[in-house]
Enquirer: 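Here's a structure for you.
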Amino acid sequence: MSRISARRLRINGTVQGVGFRPFVYVLATDENLNGTVLNDGQGVETVVEGEEASIARFMKRLTTELPPLASIETIVSEEIEPSGFTEFKILESHSNAVSTVIPADAAVCRACLSELTDKNNRRYRYPFINCTHCGPRYTITAHLPYDRPQTSMKDFPMCSDCLEEYTDPLDRRFHAQPNACPVCGPHVTLLDKAGLPINTDDPLAEVMRRIKAGEIAAIKGLGGFHLVCDAKNAQAVSRLRERKKRPSKPFALMVQNTASARRIAKVSEEAQKLLESSVAPIVLLPKKPGADDHLVGIAPNLTHIGLMLPYTPIHWLLFFEAADRSEDPLWHEKPNDLTLVMTSANAGGEPLVISNAEAVRLLEGICDCFLVHNRDILIRCDDSVAQAKDNDVQYIRRARGLVPQAIALPFSGPSVIAAGAWLKNTACLTKGTHAYLTQHIGDLDRVSNDRTLEKAIRHLSEVFEIRPDYIACDLHPDFYSTVLAEKLANEFDVELIAVQHHHAHIAAVMAEHGLKEAVLGLALDGVGLGTDGKSWGGELLKVDPLGFERLKSLSPILLPGGDKCAREGWRMAYALLCQNGLAENAKRLFPFKGASIIERMLASDLPIPESSSLGRIFDTAAALTGVKTHSSYEGEAPVLFQAAGYGTKGRVREDLLEFSESGVNFVPLLLNLTQYSSAAEASADFHETVAFALSRLALAAAEKNKIRKVCLSGGCCLNTRLSRSLRNYLEEGSLSVYEGLRIPPNDGGVSLGQAYAVLMKLHSNSGV
């Protein structure tokens, strides 16, 4: 008889709330092993006893046959003395020091979708169906370990049928914490615009009827409410724009499946995987010709459109209604004409609405009805946004489905809380070899978002039991994130370290790709306070573990009106023309209020702010070509300027570039834009020339500094035309190029860079 061996395995990663223990149970029993498995604050611990060959097979299958939402980071194995187990058991959770991960929310799995629309199933059309492979996780969890009493499902005791599923290790719903059914779980209610219940036996059917009739509904989802209307009803879309005071910013759409998406947009293989993933983000896709004819006012003057697929049971049930509750088991794979606007339910820039009472109060005058439910959302979490990029994926906004997934760091270090930037804010908390980003918070230009940021930091620090050793922030003293960082540093009595904005941008890319050595970095964005007190945004940096050096920069342009220039690009264009003896052209092109003030400012000795920002240069270019002089949302002019040149081949106008010891001057290139009769050609040439010029700076610096790695970051790197051309030029010069992909290259990644810049310096100084 073979000798009985025993091993204790400590498994870390995303191993709670994802069906990992029943997975271990099935593997162990299949291999005739006895022992135990349990959750605790460290992850999962399992003890297995049996023949050595069986244990070896078990350990191999443990990593190759994982449940859909599980991931393993480390397995620590130790041989122990057998205890004489006679069966394999799943034990109750133990709570101790927390270092595991709450799973992110996951889109409805195919098994649950099949049950949801099977009229013979006890969960037929039940809006809260879920299992260990899908459903709410992070947004309903208050504390670790991830167990039902720590979630907003604690108020819904399970009925006997659900409890039987929950306690059966062979059931798909074994220890699925949100497990429920129509007998014992949450339910939906339809309210009128005043917040009073609407008398209906079928709230989902009634809200769908109202949407088809042209009404705007507020629908409660996983991380907050959406405002929903029929995307093909131009009047409804126009009303939503008017009520939300959103004149031109594109709306995200929801369609039933990829087949439906292909009627509107071009869907690559990579984009399809992204759409159909458990993250289910909004994906930016190229429009098909004629798409705007059926979707008037959705994404005006843009070449791309944001699409997502249903990811909650409520979403699926809306499309099921539109499919007349088809009994075809494959109904969900067939095209459906229903196209819904699915945009965040908030009032212009405010945080996403999450509670029923908050929705009725804050969305008054915007929507015509409310589809609510009585399962509380504990964590506000917007939809993630992504784009397919050169056979890869680039996230623009990191939120639902991604948070709080850990970012692995290349070395362990003390805990840091980094408060992030001003725009598109996130915060970052580190512990050991992991960094955790909060969900997208938004712009810190209002008290409500400021409060949301502080709550998000405190929630993650409590969940992962992080007490910071250092606090990091932006160099700008007036950002609320900086003020909050100072407050936290005082509260925890730890050192506050300010990290320059563009240094943080490059460090974020280094963190994502595990880079620890010196790199070159092109930091290209709208604005960031430089070490000289001026506005930067077009910088070539050398970044190493000890800090950064500014090697080159774009020649600055004037910002008459300061921050107003971010929304009024014509101001910079006007000043530029006047500076270069073209005042009459300026008056003709920009006959706007305030123009005469700019002339007086230029004629006086009054100081006018200036910036090396590439974002402001793109704003200026958009104004000079007549593409956009006034923006209604941040980044609108550059986005439209990029769209203007879509599909047009660009030329490098090297004759219009002025290189100097300090960098490159784009003024001749900008002035020449007024000579184009075609905005498409102007945009194409401008993009290609800017990419070429930036690559020349980087290639020269690479040769001089003997560095072959370059990181691209900043909001301008979301411009796929610019970044693709720039990458091509750099790779042609034999440089290795790294970009923000899993972590947004815009200010949503700055907090990670702040934390990593601090950790790199500490790690380097420690001599490890």
Side-chain angles (χ1 to χ4, degrees), residues 14 16-23 26 66-70 103-141 146 148 151-153 156 158-159 161-188 204 219-223 254-258 275-281 308-323 325-334 336 373 375 377 400-401:
T14 304
Q16 292 186 8
V18 292
F20 194 82
R21 285 180 299 165
F23 161 69
V26 170
L66 283 170
L69 301 181
D105 301 283
V108 177
C109 70
R110 283 293 176 255
C112 282
L113 178 56
S114 177
E115 294 172 352
L116 180 68
T117 55
D118 177 1
K119 66 179 182 180
N120 297 313
N121 191 280
R122 74 186 187 95
R123 291 188 175 88
Y124 177 61
R125 298 184 69 239
Y126 181 57
F128 303 94
I129 192 170
N130 68 88
C131 70
T132 52
H133 304 320
C134 68
R137 299 288 193 273
Y138 180 63
T139 52
I140 63 167
T141 303
Y146 173 65
R148 196 177 182 102
T151 74
S152 57
M153 288 299 294
F156 300 96
M158 281 180 277
C159 66
D161 287 339
C162 286
L163 190 59
E164 184 178 347
E165 296 168 334
Y166 184 83
T167 53
D168 180 0
L170 299 181
D171 194 283
R172 197 175 86 251
R173 294 187 171 89
F174 176 74
H175 279 231
Q177 305 307 332
N179 190 34
C181 74
V183 173
C184 62
H187 61 270
V188 296
L204 280 157
I219 297 180
K220 191 175 183 180
L222 273 183
M254 181 175 282
V255 294
Q256 181 168 292
N257 48 33
T258 305
L275 285 166
E276 297 175 355
S277 70
S278 64
V279 177
M308 60 179 155
L309 305 188
Y311 60 84
T312 71
I314 288 177
H315 296 149
W316 276 113
L317 289 172
L318 296 178
F319 285 91
F320 191 49
E321 283 298 311
R325 302 186 192 176
S326 172
E327 295 186 21
D328 180 353
L330 298 179
W331 73 273
H332 54 84
E333 296 181 5
K334 297 177 179 177
N336 189 322
H373 58 72
R375 183 182 71 200
I377 298 170
R400 176 194 50 77

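Given the structure is predicted, the values throughout are model-derived calculations rather than measurements.
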Enquirer: Checking side-chain polar atoms at under 3.5 Å, does Tyr166 have a donor or acceptor matched by the opposite partner on Gln177?
Expert: yes
Enquirer: Are side-chain N/O atoms of Arg21 and His175 paired as donor and acceptor at under 3.5 Å?
Expert: yes
Enquirer: First locate atom CG of Asn257, then atom CH2 of Trp331, and finally report the distance between them rounded to the nearest 0.5 Å.
Expert: 8.5 Å
Enquirer: Stepwise, does the side chain to side chain contact (heavy atoms under 4.5 Å, CB included) test hold for Arg173 with Thr132?
Expert: CA-CA 6 Å; Arg173 294 187 171 89; Thr132 52; 5.8 Å; no
Enquirer: Any heavy-atom pair between the side chains of Tyr126 and Pro186 that's under 4.5 Å?
Expert: yes
Enquirer: Kindly determine whether Ile314 and Val188 satisfy side chain to side chain contact (heavy atoms under 4.5 Å, CB included), including the steps that lead there.
Expert: CA-CA 9 Å; Ile314 288 177; Val188 296; 4.0 Å; yes
Enquirer: Under the criterion side chain to side chain contact (heavy atoms under 4.5 Å, CB included), I'd like the reasoning laid out for Leu69 against Ser278: C-alpha separation, chi angles, the key distance, then a yes or no.
Expert: CA-CA 8 Å; Leu69 301 181; Ser278 64; 3.7 Å; yes
Enquirer: Short question: side chain of Thr14, backbone of Ala70 - any donor-acceptor pair under 3.5 Å?
Expert: no
Enquirer: With a cut-off of 6.0 Å (strictly less than), are more than 12 heavy atoms of other residues, nucleotides or ligands near CD of Glu276?
Expert: yes
Enquirer: For the residue pair Pro310 and Met254, establish whether any side-chain heavy-atom pair is separated by less than 4.5 Å.
Expert: yes
Enquirer: Check for me whether Arg400 meets the cation-pi criterion with Tyr311, that is, NZ or CZ under 6.0 Å from the six-membered ring centre and within 45 degrees of the ring axis.
Expert: yes
Enquirer: Evaluate the criterion salt bridge (charged side-chain N to carboxylate O under 4.0 Å, His left out) for residue pair Arg110 and Glu333; output intermediate values, then yes/no.
Expert: CA-CA 11 Å; Arg110 283 293 176 255; Glu333 296 181 5; 5.5 Å; no
Enquirer: Rounded to the nearest 0.5 Å, what separates atom CG in Asn130 from atom CD1 in Ile140?
Expert: 7.5 Å
Enquirer: Are the side chains of Val255 and Leu309 in touch, meaning some heavy atoms are under 4.5 Å apart?
Expert: yes
Enquirer: Between Lys334 and Asp328, is there a salt bridge with N-O shorter than 4.0 Å?
Expert: yes
Enquirer: Compare all side-chain heavy atoms of Asp161 with those of Cys181 and state whether any distance is below 4.5 angstrom.
Expert: no
Enquirer: Under the 3.5 angstrom rule, does the side chain of Asp105 hit a backbone N or O of Gly401 as a donor-acceptor pair?
Expert: no
Enquirer: Can a donor-acceptor pair be found, under 3.5 Å and without considering hydrogens, that links the side chain of Arg123 to the backbone of Ala180?
Expert: yes
Enquirer: Do the rings of Phe128 and His373 sit parallel, tilted or perpendicular, given the 30° and 60° boundaries?
Expert: perpendicular
Enquirer: How long is the straight-line distance from CZ of Arg172 back to SG of Cys109, given to the nearest 0.5 Å?
Expert: 5.0 Å
Enquirer: Between Arg125 and Glu321, is the closest basic N to carboxylate O distance under 4.0 Å?
Expert: yes
Enquirer: Does Arg375 reach the main-chain N or O of Gly185 with its side chain, forming a donor-acceptor pair under 3.5 Å?
Expert: no
Enquirer: What is the minimum heavy-atom distance between Ala176 and Arg148, and which atoms define it?
Expert: O-NH1, 4.4 Å
Enquirer: When rounded to the nearest 0.5 angstrom, what distance separates CG in Leu318 from CD in Gln256?
Expert: 11.0 Å
Enquirer: Distance check, rounded to the nearest 0.5 Å: Asn179 atom CG versus Cys131 atom SG?
Expert: 9.0 Å
Enquirer: Could you measure the distance from the OG1 atom of Thr167 to the CZ atom of Phe174? Nearest 0.5 Å is fine.
Expert: 7.5 Å
Enquirer: Using the rule given for side chain to side chain contact (heavy atoms under 4.5 Å, CB included), can you reason through Thr117 versus His332, listing the C-alpha separation, both sets of side-chain angles and the distance that settles it, and then say yes or no?
Expert: CA-CA 10 Å; Thr117 55; His332 54 84; 5.5 Å; no
Enquirer: Are Val108 and Leu116 packed together at the side-chain level, in the sense that at least one heavy-atom pair is separated by less than 4.5 angstrom?
Expert: no
Enquirer: Under 3.5 Å, side chain of Arg325 to main-chain N/O of Ala322, donor-acceptor pair present?
Expert: no
Enquirer: Is there side-chain contact between Pro22 and Leu170, with at least one heavy-atom pair below 4.5 Å?
Expert: no
Enquirer: For a quick test of reading the model, state the closest non-hydrogen atom pair linking Ala106 to His133 and the distance between them.
Expert: CB-O, 4.3 Å
Enquirer: Quick check: does any side chain N or O of Ser114 sit under 3.5 Å from a backbone N or O of Ala111, one acting as donor and the other as acceptor?
Expert: no
Enquirer: Heavy atoms, side chains only, cut-off 4.5 Å: are Pro281 and Met308 in contact?
Expert: no
Enquirer: Looking at every non-hydrogen atom in both residues, tell me the closest pair between Leu204 and Pro127 and how far apart they are.
Expert: CD1-CG, 3.8 Å
Enquirer: Locate the shortest heavy-atom distance separating Phe320 from Ser326; write the atom from each residue and the value.
Expert: CE1-O, 3.3 Å
Enquirer: Write down the atom of Pro103, the atom of Arg137, and the distance for their closest heavy-atom approach.
Expert: O-CB, 3.0 Å
